[in-house]
Participant: 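Supplied in structure tokens, the structure appears directly below.
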Amino acid sequence: MSEIVNVALPKGRLGEQVYGLFEKAGLECPDILSDTRKLFFENKEKGVRFFWVKPSDVAVYVGRGAADLGIAGSDVLLEHQPDVYELLDLGLGVCRMMVAAPKDFRDNDDMTLRVATKFPNIANRYYAGKSRDIDIIELHGSIELAPLLGLSDVIVDIVETGSTLKANGLVPMAEVVKISARLIANKANFKFKTEEIERVTSALSDVL
Ligand code: PRP
């Protein structure tokens with residue numbers, strides 16, 4: 001008998017778009033969109049069970065095998081580098097990781113650059129590649145405030161529409177990396193449920 005595939009979906013707008021893809025792929029679970037506080041839903045006939053988890057936790061569930069599959073932003077994957085398979089680029093949640101600064105900022109190579117970010121590993125690797133001496137100021141949100149209050153010189157953050165930068169008088173200076181949502185799989189679970197996981201992956205890939 002084939003086993004059910006456990007899928008960790010990121011709660012929020014991206015998760016709803018991703019669920020839309022599963023639905024299009026014939027892997028629906030209609031109760032999931034009902035207005036309840038319930039966090040898991042299954043469709044035994046279709047062999048899928050979905051969980052809503054915090055977007056930044058998807059890689060934890062998949063990395064530890066509590067979920068077989070999950071959808072995570074490539075920003076989170078680059079930051080935490082979980083030991084998982086990356087099966088598909090879903091082409092959703094597309095945005096860019098960028099360096100941004102106040103309009104009048106001029107970089108001076110003789111000074112340590114103060115960088116505010118939610119992504120210290122990505123920022124460290126980016127500046128190490130440029131042999132630039134930096135001081136990371138790790139924050140968990142509202143990153144755009146840091147240079148305005150003199151806490152940092154620049155930020156490394158996600159830019160989607162650019163309106164948060166604009167509203168706070170910041171300008172993009174360089175692209176660090178392009179970001180999009182990826183389908184990831186737990187390595188050990190993939191071995192045990194290869195057929196089931198491949199069935200889900202190819203159904204999704206067909207509707208992309
Ligand atoms: C993200 C990101 C930017 C903003 C970019 O923040 O950190 O602040 O969205 O989007 P935009 O280019 O379309 O304006 P989020 O909304 O997740 O909140 P946060 O500041 O609490 O991280």
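Atoms within each ligand, like the ligands themselves, are counted from 1 in listed order.
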Participant: For ligand 1, output the ligand-protein N/O contacts shorter than 3.5 angstrom; if there are none, return none.
Facilitator:
from     : atom 1 : to   : atom 2 : distance (Å)
ligand 1 : 7 (O)  : K118 : NZ     : 3.4
ligand 1 : 7 (O)  : D157 : OD1    : 3.1
ligand 1 : 7 (O)  : D157 : OD2    : 2.7
ligand 1 : 8 (O)  : E144 : OE1    : 3.3
ligand 1 : 8 (O)  : E144 : OE2    : 2.6
ligand 1 : 12 (O) : E160 : N      : 2.8
ligand 1 : 12 (O) : T161 : N      : 3.1
ligand 1 : 12 (O) : G162 : N      : 2.7
ligand 1 : 13 (O) : T161 : N      : 2.9
ligand 1 : 13 (O) : T161 : OG1    : 2.5
ligand 1 : 14 (O) : S163 : OG     : 3.4
ligand 1 : 14 (O) : T164 : N      : 2.9
ligand 1 : 14 (O) : T164 : OG1    : 2.4
ligand 1 : 20 (O) : S142 : N      : 2.9
ligand 1 : 22 (O) : K118 : NZ     : 2.4

Participant: Validate the cation-pi geometry between K24 and F22: distance from NZ or CZ to the six-membered ring centre under 6.0 Å, angle to the ring axis within 45°.
Facilitator: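 The answer is no; the distance or angle limit is not met.
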Participant: What's in the same ILVMFWY side-chain cluster as M111, cut-off under 4.5 Å, chained through other members?
Facilitator: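 Same cluster as M111: nobody, lone residue.
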Participant: I155 pairs by side-chain contact (heavy atoms from CB on, under 4.5 Å) with which of V115, L148, L165, V99?
Facilitator: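 Passing option: L165.
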Participant: Applying side-chain contact (heavy atoms from CB on, under 4.5 Å), run through N186 and K193 and close with a yes or a no.
Facilitator: CA-CA 10 Å; N186 176 272; K193 301 188 187 177; over 6 Å; no
Participant: So for atom CZ, which belongs to F192, do other residues, nucleotides or ligands contribute more than 12 heavy atoms lying within a distance under 6.0 Å?
Facilitator: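 Counting other residues, nucleotides and ligands, CZ of F192 stays at 12 neighbours or fewer.
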Participant: Do the ring centers of F41 and F51 come within less than 6.0 Å of each other?
Facilitator: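 No, the ring centres sit 6.0 Å or more apart.
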